[in-house]
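The structure appears below as structure tokens.
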Amino acid sequence: MSLCRYLPVPSDRMAVMWTLLTVGDAVVLEYGPAGTTHYCVSLFGAMGISPDQSLFTTHMSEDDVIMGDVRRLEEAIVELDKGYRPKVIFVIASAVTAVIGTDLVGVCNYMQQQVDARLIALENGGFKGDYTVGLRQVYRLLVKQLAGQKQGLLPGRYNVLGASASSYRIRSDLREIEDLLSRSFGLSRHTALGVDTSLQQLAAMGGAQLNIVLRAEALPAAEWLKQQFGTPYVYGVPYGYQGTEQWLEQIASVLGRPAARSVRDQLGQRQSQAATFRMYATMYRNRPHPPAAAIIGDYDLLQGLAGLCRELDICPDLLICPHTLRDITDCDPIVRHFATEKEQITALRQLQYHLVFGDDVSLHLCDRTNTGLCVSFPLVSHVQIAEHLPLMGIRGTDYILETIDRYYQVLE
């Protein structure tokens with residue numbers, strides 16, 4: 001692991017924690033030092049997750065580490081079960097317990113007889129990979145462990161898979177998706193796995209008519225639900241007017257009926273209005289600084305925003321992905337994952353007269369000739385409060401176009 005100053009990449013353990021904390025009626029118990037749990041709280045707050053009465057730690061002494069004593073863990077499980085009466089206790093590893101090889105699965109197996117709550121162990125200590133590895137594992141685990149038998153159909157309902165709390169403005173995006181699917185097909189959301197869900201919703205999600213997959217890490221979970229319950233899924237993210245139109249066409253193909261005429265007409269009108277921005281791109285193409293974009297974020301965000309830029313004839317010439325690309329099939333060759341933070345910082349500082357979509361730190365590293373918009377974590381200079389400002393769909397594209405208009409003013 002290289003030294004990191006500005007842009008640390010969350011580990012698999014962090015992704016497991018922030019995903020499990022969004023499951024209602026359950027608590028998360030970390031077997032490890034209190035300091036490691038405390039360190040996570042500020043990050044979760046920036047994501048809009050409140051760990052109050054849902055995140056607990058056992059703490060550990062030197063004797064626990066040296067001797068492998070798990071009595072603290074056993075006592076904590078019993079205390080949580082009696083004091084909070086959760087339906088599920090997720091028992092997760094810390095870096096320390098992962099290093100010493102504590103058998104959390106074994107402990108949960110013999111402790112299950114002593115408590116009413118269901119015990120589910122996850123042994124990610126932060127050494128299996130970055131956050132995408134943790135997301136892939138925890139999405140699949142949640143549906144395998146908690147999606148019950150298909151007891152009843154949920155006609156006109158859909159699940160969202162992969163709506164990670166680590167995606168900037170994800171709750172705003174979910175509202176936009178909910179509005180689009182309601183107006184287009186009369187569908188309503190059942191649950192959003194990874195952001196807002198409950199054990200009851202997870203148990204019934206097999207009856208949904210459709211699954212909407214927003215990121216590659218949720219595809220194994222979608223495949224499992226399809227095999228078990230026959231639920232079809234659509235994988236894609238609605239960025240840009242054309243991208244949103246294509247996304248709705250995918251869903252229409254699965255449902256066997258077109259989107260509502262009113263929505264298709266609205267998208268057609270928006271695409272006609274966007275012709276002005278394509279005209280700007282043509283005007284500036286032969287000037288000293290032709291329109292170009294740099295994007296920093298998760299792979300699906302990169303693909304979506306790059307498509308939006310191409311829709312407006314802006315060349316996306318630098319796409320930086322902070323996470324590993326090893327699990328991405330048919331990876332876009334233009335996407336770069338830098339081996340060291342230093343290389344990434346150098347690339348960002350070399351940008352001039354670019355439209356930059358990225359996180360607060362990356363935007364800060366770019367010089368003032370660039371025009372930026374925050375689209376991803378980490379946040380430094382502002383907080384995430386509003387839940388009505390999406391980046392996806394029609395409203396999201398409307399919002400992004402305001403920054404693109406400002407960008408052309410800088411190029412003049």
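Basis for what follows: all heavy atoms, side chains included, without hydrogens, waters or symmetry-related copies.
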Got more than 12 heavy atoms from elsewhere within 6.0 Å of [atom1], [X]?
X: Gln200; atom1: CD; answer: no
X: Phe185; atom1: CZ; answer: yes
X: Arg336; atom1: CZ; answer: no

Check whether any side-chain heavy atom of [X] sits under 4.5 Å from a side-chain heavy atom of [Y], and report yes or no.
X: Asp196; Y: Thr191; value: no
X: Val335; Y: Gln303; value: yes
X: His190; Y: Gln201; value: yes
X: Ile345; Y: Tyr6; value: yes
X: Asp300; Y: Tyr235; value: yes
X: Tyr31; Y: Val70; value: yes
X: Ser381; Y: His364; value: no
X: Val356; Y: Ile296; value: yes

Using atom types as modelled and distance alone, determine if a side-chain donor or acceptor of [X] lies under 3.5 Å from a backbone N or O of [Y].
X: Gln250; Y: Trp247; value: no
X: Asn370; Y: Cys366; value: no
X: His337; Y: Cys321; value: yes
X: Tyr407; Y: Tyr353; value: yes
X: Asp317; Y: Ala292; value: no
X: Thr403; Y: Thr371; value: no
X: Ser272; Y: Gly268; value: yes

Minimum-distance pair of heavy atoms, taken over all atoms of [X] and [Y]:
X: Arg169; Y: Gln384; value: N-OE1, 2.5 Å
X: Gly194; Y: Thr19; value: CA-CG2, 4.1 Å
X: Pro390; Y: Tyr399; value: O-CD2, 3.8 Å
X: Ser164; Y: Trp18; value: OG-NE1, 3.2 Å
X: Pro258; Y: Ala252; value: CA-CB, 4.0 Å
X: Ile251; Y: Ile212; value: CD1-CD1, 3.8 Å

Could [X] and [Y] be called an ion pair, given the rule that one side-chain N must be under 4.0 Å from one carboxylate O?
X: Asp179; Y: Arg183; value: yes
X: Lys87; Y: Asp116; value: no
X: Arg13; Y: Glu30; value: yes
X: Arg349; Y: Asp367; value: no

Pair [X], [Y]: side-chain N/O donor-acceptor within cut-off below 3.5 Å:
X: Tyr241; Y: Asp398; value: yes
X: Thr346; Y: Glu343; value: no
X: Asp265; Y: Ser262; value: no
X: Thr324; Y: Asp130; value: no
X: Thr58; Y: Arg72; value: no
X: Arg118; Y: Gln145; value: yes

Can you say whether the rings of Tyr168 and Phe377 are parallel (under 30°), tilted (30 to 60°) or perpendicular (over 60°)? perpendicular
Can you confirm whether or not the ring centre of Tyr131 sits under 6.0 Å from the ring centre of His323? yes
Taking the ring centre of each residue, are Phe56 and Tyr84 less than 6.0 Å apart?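 Centroid separation for Phe56 and Tyr84: below 6.0 Å.
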Stepwise, does the side-chain contact (heavy atoms from CB on, under 4.5 Å) test hold for Arg270 with Ile394? CA-CA 8 Å; Arg270 286 292 202 278; Ile394 297 174; 3.9 Å; yes
side-chain contact (heavy atoms from CB on, under 4.5 Å) between Leu363 and Leu348, worked out: CA-CA 8 Å; Leu363 296 177; Leu348 291 171; over 6 Å; no
Between Leu161 and Leu214, does the side-chain contact (heavy atoms from CB on, under 4.5 Å) criterion hold? Intermediate values first, please. CA-CA 6 Å; Leu161 308 181; Leu214 297 183; over 6 Å; no
Kindly determine whether Leu174 and Val195 satisfy side-chain contact (heavy atoms from CB on, under 4.5 Å), including the steps that lead there. CA-CA 10 Å; Leu174 286 173; Val195 174; 4.1 Å; yes
